[in-house]
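Here the structure is laid out as structure tokens; the discussion comes afterwards.
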Amino acid sequence: MAALIRSGRSVGGSAARRRISSSAAASEAWDRSPASLGREGAAEIGVPARRGVRWVFLGCPGVGKGTYASRLSQLLGVPHVAMGDLVRDELASPAPLAKELAGIVNQGKLVPDEIIVNLLSEHLKNGEAKGESGFILDGFPRTIRQAEILEGVADIDLVINLKLREEALLMKCLGRRICRECGGNFNVSSVDIKGGDGRPHIYMPQILPPEQCLSKLVIREDDADEKVVKTRLRIYFDVTQPVEEFYRSRGKLLEFDLPGGIPESWRKLLEALNLEDPANRQSAAL
Ligand SMILES: Nc1ncnc2c1ncn2[C@@H]1O[C@H](COP(=O)(O)OP(=O)(O)O)[C@@H](O)[C@H]1O
């Protein structure tokens, strides 16, 4: 396990770990990000570039962890590490483990911690060898044991907990489509759930694929069956939700209720993180 995430400096050991507010954590991490530091500029004046952010995304299946983790990874210049993709790559490989994994994943169950930690460790080691620093983890940790292992090897700056009502999660999983060629993620369901009892109206439009992807759309096996999606949601509530408390008690959890579709949610997430997307600034100026 020692191989897992060795790169970068640690921002204090576990005893010295500070309780930091989420927005303070975000702006502190932003200060450390290659995007704001300017790697070339730093090198020119002889200052070594500091490490990239180490953030984690938590949230139920279908909530959109992949979408927002991927956008933030581009914005902050750190790798997006999607645990589900690492598992699916292993499934698609001729590795002897693939068959065993398929049985677990296609039933919506969690892969044993040891296998997951090995897959992640290997991936991060390869990234480290290529000079990568920092990460945005999506889909890890999913158990308290995984969170403890991660805590033993890396200081996490911030954990973003994405939240959405259960009815919407179910619709989003069942409507998810992936382009087998470009890997693009789309959704043929639109979510429109009335507000009431203090809950806001939720509207998330379909995310339709471009023409060239239309004939190449596939459905993930674990999204294809409502029973399997419900199993994944139940497992999240039983096994993964305690991980939220693990980070809440360490002052690292940023709770974020998705307000609607991607443009609105992305804008509000950036606000909550005290970040600015230059692409948004440009389009606002047009
Ligand atoms: N951290 C993890 N621990 C155990 N199993 C995992 C983990 N991450 C991914 N998996 C396996 O891969 C599947 C797909 O993961 P992911 O794409 O992240 O799904 P979701 O869309 O449900 O969040 C999970 O249902 C599980 O079987």
Side-chain angles (χ1 to χ4, degrees), residues 1 4-5 55-70 73 80-93 95 97-124 135-151 153-154 156 159-164 166 168-178 180 183-187 189 204 207 218-244 246-247 258:
M1 262 333 305
L4 184 61
I5 321 157
W55 288 3
V56 165
F57 266 88
L58 290 181
C60 283
V63 74
K65 298 184 293 297
T67 301
Y68 300 102
S70 152
S73 105
H80 167 207
V81 181
M83 199 62 236
D85 287 348
L86 300 187
V87 170
R88 282 182 286 276
D89 286 349
E90 192 70 15
L91 279 184
S93 78
L97 199 59
K99 235 177 146 174
E100 186 192 334
L101 285 185
I104 299 172
V105 175
N106 295 341
Q107 287 180 64
K109 298 189 177 152
L110 291 185
V111 173
D113 290 339
E114 193 190 323
I115 297 177
I116 286 293
V117 166
N118 284 338
L119 286 178
L120 179 61
S121 180
E122 190 64 20
H123 180 83
L124 292 174
F135 48 72
I136 296 184
L137 290 181
D138 144 19
F140 184 95
R142 264 176 151 109
T143 65
I144 291 285
R145 179 80 194 110
Q146 292 176 11
E148 287 169 349
I149 291 171
L150 183 61
E151 185 171 59
V153 290
I156 298 301
V159 178
I160 302 169
N161 186 26
L162 295 184
K163 295 195 297 192
L164 190 61
E166 200 172 333
L169 293 167
L170 189 61
M171 287 185 219
K172 288 196 64 207
C173 284
L174 295 173
R176 179 157 48 193
R177 300 289 182 275
I178 292 156
R180 70 176 125 75
N185 226 295
F186 308 101
N187 212 298
S189 302
M204 297 174 141
I207 305 166
V218 290
I219 305 181
R220 260 170 55 176
E221 282 228 33
D222 57 345
D223 279 340
D225 179 344
E226 184 166 335
K227 233 172 64 195
V228 173
V229 175
K230 286 186 169 162
T231 301
R232 284 158 58 208
L233 288 170
R234 185 180 45 74
I235 290 178
Y236 185 90
F237 295 125
D238 291 349
V239 183
T240 308
Q241 211 156 38
V243 177
E244 297 175 7
F246 180 94
Y247 288 115
L258 286 163

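Quick caveat: nothing in here was measured; it's all calculated off a predicted structure. Start at 1 and go down the list; that is how both ligands and their atoms are numbered.
- Under a 4.0 Å N-O distance rule, the pair K227/D225 does not qualify as a salt bridge.
- If you number the atoms of ligand 1 from 1 as listed, the ones under 4.0 Å from a heavy atom of M83 come out as 1 (N), 7 (C), 8 (N).
- Between the side chain of Y236 and the backbone N or O of G59, at least one donor-acceptor pair lies under 3.5 Å.
- At the shortest separation from atom 15 (O) of ligand 1 among protein heavy atoms lies G84 CA, 3.5 Å.
- Checking side-chain atoms of K65 against main-chain N and O of D138 turns up no donor-acceptor pair under 3.5 Å.
- Close contacts of ligand 1 with K65, meaning ligand atoms under 4.0 Å from a residue heavy atom, involve 23 (O).
- For the pair N187 (side chain) and K172 (backbone), a donor-acceptor distance under 3.5 Å is present.
- I116 CD1, 3.6 Å is the protein heavy atom nearest to atom 6 (C) of ligand 1.
- Summary of contacts: the protein heavy atom closest to atom 13 (C) of ligand 1 is V105 CG1, 4.0 Å.
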Review point. What do the steps show when you test R176 against D222 for salt bridge (Lys or Arg N to Asp or Glu O under 4.0 Å), and what is the final call?
Key: CA-CA 11 Å; R176 179 157 48 193; D222 57 345; 5.9 Å; no
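- For the pair G139 and ligand 1, the shortest N or O to N or O distance falls below 3.5 Å.
- Judged purely by atom type and a 3.5 angstrom limit, S121 has no side-chain atom pairing as donor or acceptor with the backbone of N118.
- Under a 4.0 Å criterion applied to the non-hydrogen atoms of K109, ligand 1 contributes the atoms 26 (C), 27 (O).
- Atoms of ligand 1 lying under 4.0 Å from any heavy atom of R220, numbered from 1 in the order shown and given with element: 14 (C), 16 (P), 17 (O), 19 (O), 20 (P), 21 (O), 22 (O).
- Contact detail for L233 and P61: the closest heavy-atom pair is CD2-CD, 3.9 Å.
- Inclusion of V111 in the set of residues having an N or O under 3.5 Å from an N or O of ligand 1 is warranted.
- Close approach of ligand 1 to R176 (heavy-atom distance below 4.0 Å) involves ligand atoms 21 (O).
- Residue contact check: R88 has heavy atoms under 4.0 Å from atoms 14 (C), 17 (O) of ligand 1.
- With T231 contributing its side chain and G108 its backbone, the two residues share no donor-acceptor pair below 3.5 Å.
- The nearest non-hydrogen atom to atom 20 (P) of ligand 1, considering only E221, R142, Q146, R145, comes from R142.
- Residue-ligand proximity, R232 to ligand 1, at heavy-atom distances under 4.0 Å covers atoms 20 (P), 21 (O), 22 (O).
- Here the side chain of Q107 pairs a donor or acceptor atom with the backbone of G103 at under 3.5 angstrom.
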